[in-house]
Amino acid sequence: MVLSLSSHNVMQYLQDAGLCNSEDGASDQSELPGSSKNNFNLVVTLADNRQLLIKQERNINNYDAAPHELFQEWLFHQLLQQFPVLGNILAMPTAVNYAPLVVHFDEENSILVRNYLSEYVELATFYHNNEIFPQEIACAIGTTLARLHRATYNRREYQDFMATAPQGEFRYGFYNPAQGVGSIEPEIFGSVPTDALKFYVLYQQYESLESAIADLAYDWNPCCLTHNDLKLNNILVDFRREKLDNCLVRLIDWEACSWGDPAYDLGTLLASYLGIWLKSLVVDPTIELEESLHLALTPLEILQPSMIALVRAYVNAFPMILEYRRDFILRVIQFAGLALIHQIQDTITCWKYFNNADICMLQVAKSLLTMPEQAILTIFGISESEILNSVSKIHKFRKPVKEQQLVPIYYEKTRLRGC
Ligand SMILES: Nc1ncnc2c1ncn2[C@@H]1O[C@H](COP(=O)(O)OP(=O)(O)O)[C@@H](O)[C@H]1O
Ligand SMILES: [Mg+2]
């Protein structure tokens, strides 16, 4: 019998799971508003002030769907237990006070319990409330991510571990997240607002966009442990230190983690920064796109130092990635474009919303995916060689050469039937 968790039975559940006793009693319970489309999330404060975050997958009663995302987070937690060296990397730069976050997993009921770090601030909220973008934070994220990718790069023991499947199931391969918009069925007319149909029509018109995504998916090369959902909502920052240059960041929400492509994580992060800019655009049918992009309430120039710091810190901590993948930065830019498309899709499916600002986002995504070389200069305000200047002074790299591409003979087209 699958249990559906609610604020009424959560305390009993925690007691039965041995996570608290009857004297603990909850002093407070609050549902995390709109944090995720898939999960029911509840924060419980116990009498001793301990806080727990309880997550349950919402599609729990849908037996056709495979509720395995929390299993991935649990698997990741197990990986850290088995290989503590990885746990230390994720608690960097200061390895003090590192305690495992996940404290309980109930596979049958798809429930995961984590320690809730009330002293940490979600990075998306911090940026939103303060409108400041200290480079030190981006630097700490880039360094942490690079260390994780570097430590797991081509390491068979970690790859085998991540291939573990839920009990009674098999895993035939790792999921490739480099996916564009899937095939469009007639049901779409009932499930998305009429305005949003424009997104699908435009997407289908851009053949170069579809081919760029197809190439990206084709070249997807899983080689290290990746988070696969690295947006600013999934990063916590500890601001208790006086100096930001030693700030502690925690990457959370490892539900999509897998064996994947490192450029995907860095690209998703960049897209999160670009999203701040693009969501602040002033859009009006009478204003040209170029003008809109310059009228943003949060101008791109304010975000550029953080984006440059992020990439530099990453490459500084994992310089060999430029040897392994000559086109690494270009792929990061392309994955950022793809992540923007995923952001638009999420807005449409979760919030039933699509407006002119999203059309601007689609145009920017298209530029990143189809013309990554030119896009670098626009996005960062400096060229690739200037970004990598400090790194290449230490490590001598050859200039990236574009690999010869096989011409794909066929792309599966998504078409609105009847259009
Ligand atoms: N350990 C934690 N400490 C503090 N805040 C957290 C913690 N875990 C999650 N949160 C907050 O809860 C939100 C939702 O958690 P998350 O694991 O990302 O769930 P979801 O899968 O629903 O996105 C996060 O965006 C963050 O703001
Ligand atoms: Mg999340």
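Read the numbers this way: they start at 1 and go in the same order the structure lists the ligands and their atoms.
Smallest separation of non-hydrogen atoms from T298 and W277: O-CD1, 3.3 Å.
Distances from atom 18 (O) of ligand 1 to the heavy atoms of N41, D229, D253, I235 put D253 nearest. Heavy-atom proximity to atom 25 (O) of ligand 1, evaluated over R250, E122, E119, is greatest for E122.
Within 6.0 Å of CZ in F83 there are more than 12 heavy atoms belonging to other residues, nucleotides or ligands.
Within the 4.5 Å cutoff, side-chain heavy atoms of M162 are placed close to those of L79. At least one side-chain heavy atom of Q159 sits less than 4.5 Å from a side-chain heavy atom of F174. A 4.5 Å side-chain heavy-atom check between K55 and R114 finds at least one atom pair inside the cut-off. Looking only at side-chain heavy atoms (C-beta outward), L293 and L278 come within less than 4.5 Å of each other.
Shown in contact with I252 at under 4.0 Å from a heavy atom are these atoms of ligand 1, numbered in order with element: 8 (N), 9 (C), 10 (N), 24 (C), 26 (C). In summary, the atoms of ligand 1 found under 4.0 Å from a heavy atom of L53, numbered by their order in the structure, are 8 (N), 9 (C). Short contacts between ligand 1 and K55, defined as distances under 4.0 Å to a heavy atom of the residue, involve ligand atoms 16 (P), 17 (O), 19 (O), 20 (P), 21 (O). Near N234, meaning under 4.0 Å from any of its heavy atoms, are these atoms of ligand 1: 18 (O). Annotation for ligand 1: atoms under 4.0 Å from non-hydrogen atoms of N233 are 24 (C), 25 (O). The distance from ligand 1 to the heavy atoms of N39 drops below 4.0 Å at these ligand atoms: 20 (P), 21 (O), 22 (O). Atom numbering of ligand 1 starts at 1 in the shown order; those under 4.0 Å from a heavy atom of N115 are 1 (N), 2 (C). Close contacts of ligand 1 with E255, meaning ligand atoms under 4.0 Å from a residue heavy atom, involve 21 (O).
When you scan the N, O or S atoms of D253 for the one nearest the Mg ion (ligand 2), you land on OD2.
Look at Y116 and you'll find a heavy atom under 4.0 Å from some atom of ligand 1.
Between the side chains of Q363 and Y206, a donor-acceptor pair is found at a separation under 3.5 Å. T45 and Q51 share a side-chain donor-acceptor pair at under 3.5 Å.
Considering backbone and side-chain N/O of S118, none are found under 3.5 Å from N/O of ligand 1. Among the atoms of L117, some N or O lies under 3.5 angstrom from an N or O of ligand 1.
Salt bridge status for D219 with R325: absent, with no side-chain N to carboxylate O gap under 4.0 Å.
At a threshold of 2.8 Å, the Mg ion (ligand 2) has no backbone or side-chain N, O or S atom of N233 nearer than that distance.
Ring centroid separation for the pair F76 and H227 does not come in under the 6.0 Å cut-off.
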